[in-house]
Amino acid sequence: MNILAINGSPRKKWNTAMLLGSALEGAAAAGATTRLVHLYDYDYKGCISCFECKRIGGKNYGRCAVKDGLKPLLEEAAAADALIIGTPVYFGAETGETRSFMERMLFPYLTYTPGYASIFPRKIPTALIYDMNVPEADIIGRQYDSLIERARGFMERTFGACEVLTATDTYQFDDYSKYLCTVWDADAKARRRKEIFPQDLAKAHALGQRLATAVV
Ligand SMILES: Cc1cc2nc3c(=O)[nH]c(=O)nc-3n(C[C@H](O)[C@H](O)[C@H](O)COP(=O)(O)O)c2cc1C
């Protein structure tokens with residue numbers, strides 16, 4: 001059982017990567033083989049709207065025809081038994097690289113037929129992890145809930161059940177005194193990092209375990 005985690009943050013060791021790492025530890029504890037990849041290691045762009053994935057009888061029907069650095073990762077994702085995508089919230093959305101990746105991964109499977117049926121040949125469990133600076137109470141106020149639900153819906157339609165984990169009020173710098181940042185209380189951020197983030201990591205661990213258990 002192979003579980004692939006995809007880090008949509010440019011930072012390879014920070015919040016998103018840590019949450020994904022913890023999810024994979026949970027999955028490994030449940031017997032999965034795991035791999036963490038970082039989208040910023042890949043050279044690619046978003047969907048170029050060539051529609052080759054939808055050309056009737058075309059040699060690339062149902063898969064992305066673009067031959068760039070993302071091709072091997074798209075193939076790896078298609079072969080995985082479960083997928084976890086993690087992204088920080090940037091300007092109220094996924095990072096650009098995460099969105100571009102999702103366009104390339106999802107569009108070939110979703111058909112322009114009534115109900116936009118998926119032609120992905122299996123059902124696999126998936127998860128989305130979003131982490132962000134704002135406190136949990138702001139998720140609804142800033143309408144991040146609709147953003148997240150939209151992405152979750154596309155994942156679910158394409159692959160099957162998709163669960164979401166959010167981590168809020170994250171620790172953003174190694175030393176808050178070095179950066180101009182007067183909107184956040186550095187002590188409160190440090191406290192939260194120590195007391196709450198471990199709970200977020202534990203939730204990610206449990207998520208990974210659930211995902212591995214859900215693989216049939
Ligand atoms: C360019 C940029 C834009 C950001 N925009 C938002 C935002 O709109 N809302 C938010 O809550 N956090 C925002 N953040 C903060 C990150 O989402 C947050 O620090 C996240 O945990 C970083 O993940 P990482 O540690 O894995 O890189 C932004 C950070 C950057 C660098």
Side-chain angles (χ1 to χ4, degrees), residues 3-27 34-46 70 73 77 83-103 105 126-152 154-155 162-208 211:
I3 301 198
L4 179 64
I6 297 151
N7 176 21
S9 168
R11 303 199 288 183
K12 294 186 180 179
K13 298 199 163 146
W14 275 77
N15 299 283
T16 316
M18 289 170 77
L19 290 159
L20 289 169
S22 186
L24 290 186
E25 280 172 21
T34 65
R35 194 163 113 84
L36 173 63
V37 296
H38 305 281
L39 283 181
Y40 285 71
D41 282 345
Y42 294 80
D43 188 12
Y44 66 99
K45 290 193 165 42
L70 198 61
L73 182 56
L83 288 173
I84 313 174
I85 301 173
T87 181
V89 171
Y90 276 12
F91 293 103
E94 299 85 8
T95 61
E97 270 65 11
T98 305
R99 270 197 79 84
S100 293
F101 170 72
M102 289 175 81
E103 288 169 9
M105 179 174 70
T126 62
L128 293 171
I129 297 179
Y130 285 83
D131 54 291
M132 63 203 82
N133 233 337
V134 298
E136 189 169 3
D138 280 17
I139 289 185
I140 291 175
R142 291 173 189 261
Q143 298 175 332
Y144 293 173
D145 54 334
S146 7
L147 145 91
I148 293 170
E149 179 50 28
R150 196 174 312 123
R152 198 201 63 76
F154 281 119
M155 289 291 285
C162 175
E163 69 170 294
V164 167
L165 176 71
T166 54
T168 55
D169 206 353
T170 53
Y171 199 61
Q172 203 170 8
F173 319 113
D174 52 3
D175 180 351
Y176 273 69
S177 71
K178 288 186 184 158
Y179 304 94
L180 176 62
C181 176
T182 50
V183 283
W184 309 114
D185 175 342
D187 293 339
K189 280 279 185 193
R191 244 188 345 266
R192 191 173 166 88
R193 174 63 154 200
K194 206 161 151 233
E195 291 163 13
I196 307 294
F197 193 61
Q199 295 174 25
D200 293 332
L201 292 175
K203 285 183 198 159
H205 193 277
L207 177 150
L211 226 60

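Just the heavy atoms: all of them, side chains too, but no hydrogens, waters or symmetry mates, feed the values below. Numbers for residues simply follow the sequence, beginning at 1. Indexing begins at 1, ligand by ligand and atom by atom, following the structure's order.
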K.L.:
Side chains of C162 and L128, heavy atoms from C-beta outward: is any pair under 4.5 Å?
P.N.:
yes

K.L.:
Hey, which of L39, T98, L20, T16 is the one that makes side chain to side chain contact (heavy atoms under 4.5 Å, CB included) with I85?
P.N.:
T98

K.L.:
Any heavy-atom pair between the side chains of T34 and E25 that's under 4.5 Å?
P.N.:
no

K.L.:
Could you verify whether a donor N or O on one side chain and an acceptor N or O on the other, from Y44 and E97, lie under 3.5 Å apart?
P.N.:
no

K.L.:
Strictly under 4.0 angstrom, heavy-atom based: which residues surround ligand 1?
P.N.:
S9, R11, W14, N15, T16, P88, V89, Y90, F91, G92, D131, M132, N133, V134, Y144, T170, Q172

K.L.:
Do N7 and S9 get their side chains close enough for a donor-acceptor pair, meaning under 3.5 Å?
P.N.:
no

K.L.:
If you measure only the distance, is there a donor-acceptor pair under 3.5 Å linking the side chains of N133 and K189?
P.N.:
yes

